[in-house]
2 protein chains.
Amino acid sequence: MLSKKTKYALHALTYLGKHRENKTVLIQDIAEEHGISHKFLENILLELRKAGYLGSKKGKGGGYYLIKEPKDIPLSRIIRLLDGPIALLPCVSLNYYEPCAECKNEVQCGINKVMVQVRDETLKILENKSLQDILDGE
Amino acid sequence: MLSKKTKYALHALTYLGKHRENKTVLIQDIAEEHGISHKFLENILLELRKAGYLGSKKGKGGGYYLIKEPKDIPLSRIIRLLDGPIALLPCVSLNYYEPCAECKNEVQCGINKVMVQVRDETLKILENKSLQDILDGE
DNA sequence: ATAATCCCTATAAATTTTATAGAGTTTGTG
DNA sequence: CACAAACTCTATAAAATTTATAGGGATTAT
């Protein structure tokens, strides 16, 4: 399951995607719309901005806005950013690799081999769904 | 990512699958082989037994053994049993459904729609991989 | 000058995961 | 029959992670 952080990020991105005609959107508006804590959401939007998905404007009249095309924001990226690895085990993670302590020899571990396949197939799914697909469903 | 519980369960099932000629296997042997806490693993094996994957024999000379064919133990089942939902959001879970608080109308929520698709495709992957596939890779 | 707004970091609270403990119960064996 | 070896079951503790809050700082429009 996705963490609330990631879920909230998806809601925020969706909201911003639906309000692209506006110059900026207030954190507060997104938070109220979905009943999310303002402060919690603030941290999430900050991460999304640092990762290059959002732009922001400070001061009065400021707020956030999308700076990428929705079609260029795949689910895989958002999940990785906020939740970490997509792989089911650390020993098969492309971006967060770590050996598994209980496995003596990764190369001849059947679990590892199967999980590499699961990872590749899962990745295909998540790379092919983008914010655009979410917006299309609203 | 899978919890350690699920990961340990997979190691235990694999071990039991590799020792099907033995009548029973000791918890202790599996725990030692993979450096897992005996007591922690005990609870996991208990769950696997209650769910119908393992049989056990008490008393001296006792232990655990597989009672299903490895090909009839799909990853999806093991993950659901020990980790819970496979869906990425509660609102699209088949076995652990719960509405999402921040979504006013599930039916017209784009996130929901996309996540239903992700769930279905992910399920296809995990239902098609079984303990047998793991054993084949050892 | 002021109020609105994002920026940043620290910390607290809640929840979940991981691990341990220990008293049952059953069974094979001498 | 006594005893030791194993699983059974439930409770609790410890650790880690997630979720939420707090508050001072910096920037900007008016």
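Here is the naming used below: chain letters follow the sequence lines, and residue numbers restart at 1 for every chain.
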Answer with base, sugar-phosphate or nothing: what part of the nucleic acid does B:Leu45 contact at a heavy-atom distance below 4.0 Å? nothing
Categorize B:Gln28 for me: base, sugar-phosphate, or nothing, with a 4.0 angstrom heavy-atom threshold over every strand shown. nothing
Between the side-chain atoms of A:Asn43 and the base atoms of D:dT21, is any donor-acceptor pair under 3.5 Å? yes
Would you call A:Glu121 and A:Lys124 a salt bridge, taking side-chain N to carboxylate O under 4.0 Å as the test? no
Between [atom2] on [N] and [atom1] on [X], what's the gap in Å once rounded to a whole number?
| X | N | atom1 | atom2 | answer |
| --- | --- | --- | --- | --- |
| A:Leu54 | C:dC7 | CG | P | 10 Å |
| B:Lys50 | D:dT10 | NZ | C1' | 9 Å |
| B:Lys39 | D:dC9 | NZ | P | 12 Å |
| B:Glu47 | D:dT8 | CD | P | 13 Å |
| B:Asp29 | D:dA5 | CG | P | 14 Å |
| B:Leu48 | D:dT8 | CG | P | 12 Å |
| A:Ile44 | D:dT18 | CD1 | P | 13 Å |
| A:Phe40 | C:dA10 | CZ | P | 18 Å |

Are OP1 or OP2 of [N] and a side-chain N or O of [X] less than 4.0 angstrom apart?
| X | N | value |
| --- | --- | --- |
| A:Arg49 | C:dT5 | no |
| A:Tyr65 | C:dC6 | no |
| A:Ser37 | D:dT19 | no |
| B:Ser56 | D:dA6 | no |
| A:Lys57 | D:dA29 | yes |

Would you say the side chain of A:Leu10 lies within less than 4.5 Å of the side chain of A:Leu2, judging by non-hydrogen atoms? yes
When you compare the side chain of A:Leu135 with that of A:Gln132, does any pair of heavy atoms fall below 4.5 Å? yes
When the ring planes of A:His34 and A:Tyr15 are compared, do they come out parallel, tilted or perpendicular, using 30° and 60° as the limits? perpendicular
With DNA chain D as reference, determine whether A:Lys4 or A:Lys58 sits nearer its 5' end, using the nearest nucleotide of each. A:Lys4
Closer to the 5' end of DNA chain D via nearest nucleotide, is it B:Tyr64 or A:Tyr8? B:Tyr64
For B:Glu42 and for B:Asp83, locate the closest nucleotide of DNA chain C by heavy-atom distance; then report the residue assigned to the nucleotide nearer the 5' terminus. B:Asp83
Are a donor atom and an acceptor atom from the side chains of B:Glu47 and B:Asn43 found within less than 3.5 Å of each other? no
